[in-house]
Undergrad: 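Just passing along the structure, written as structure tokens.
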Amino acid sequence: TVQRTLSIVKPDAVAKNVIGKIYTRFEDAGLKIVAAQMRQLSQAEAEGFYEVHKDRPFFKDLVSFMISGPVMIQVLEGEDAILKNRELMGATDPKKAAPGTIRHDFAESIDANAVHGSDAPETAAREIAYFFPALAIHSR
Ligand code: CMP
């Protein structure tokens, strides 16, 4: 099934100047970038985006990290895009991520872990709508 997923290149990877290298991973795996925007998130936007984690002990650090610099936000489209993107990213903790995955190759810590990707169809729909109006998605 062709799916869409929401991807974020986090402040650590933007600062390391590896947006292009990460985009190449997506493209080489057959995922198409159908919308993109570079943004400095406000605290309220970051808190709203990560609302499901609001009671977790790492929430405050996660939000501060996500607003520490610009992020690159994109919609990826392709066959099994949600799972494919999660395979490309690797484990949430870069220390546990397999060699060749984005987090293994570009990330340092569980907060500064280079990329975010939606984990299921329902979250993908919510996360895409959070950042992109339907008109900003260029599927064809
Ligand atoms: P992300 O995919 O953006 O979703 C939530 C983020 O919280 C996650 O990546 C990590 O960067 C961060 N995080 C920090 N600590 C943890 C933890 N113990 N478990 C899961 N996510 C964590």
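One-based numbering along the sequence shown. Counting starts at 1 for both ligands and their atoms, in listed order.
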Undergrad: Would you check if Lys21 and Asp105 make a side-chain contact, meaning some heavy-atom pair closer than 4.5 Å?
TA: no

Undergrad: What orientation do His53 and Phe58 show, parallel under 30°, tilted 30 to 60°, or perpendicular over 60°?
TA: tilted

Undergrad: Charged N to carboxylate O under 4.0 angstrom, Lys16 versus Glu108?
TA: yes

Undergrad: If the threshold is 4.0 Å, N to carboxylate O, is there a salt bridge linking Arg39 and Glu45?
TA: yes

Undergrad: For ring-ring contact (aromatic ring centres under 6.0 Å, His included), just list the numbers for His138 and Phe132, CA-CA rounded to whole Å, side-chain angles, deciding distance to a tenth of an Å, and then say yes or no.
TA: CA-CA 11 Å; His138 303 279; Phe132 295 98; 9.5 Å; no

Undergrad: Could you check ligand 1 for N or O atoms lying under 3.5 Å from protein N or O atoms and list the pairs with distances?
TA:
unit_1: ligand 1; atom_1: 2 (O); unit_2: His116; atom_2: ND1; d: 3.1
unit_1: ligand 1; atom_1: 3 (O); unit_2: Lys10; atom_2: NZ; d: 2.7
unit_1: ligand 1; atom_1: 3 (O); unit_2: Tyr50; atom_2: OH; d: 2.6
unit_1: ligand 1; atom_1: 3 (O); unit_2: His116; atom_2: ND1; d: 3.0
unit_1: ligand 1; atom_1: 9 (O); unit_2: Lys10; atom_2: NZ; d: 3.2
unit_1: ligand 1; atom_1: 9 (O); unit_2: Asn113; atom_2: ND2; d: 3.4
unit_1: ligand 1; atom_1: 11 (O); unit_2: Lys10; atom_2: NZ; d: 3.1
unit_1: ligand 1; atom_1: 11 (O); unit_2: Ile110; atom_2: O; d: 2.6
unit_1: ligand 1; atom_1: 11 (O); unit_2: Asn113; atom_2: OD1; d: 3.4
unit_1: ligand 1; atom_1: 11 (O); unit_2: Asn113; atom_2: ND2; d: 3.2

Undergrad: Quick one: do Arg4 and Glu77 make a salt bridge, cutoff under 4.0 Å?
TA: yes

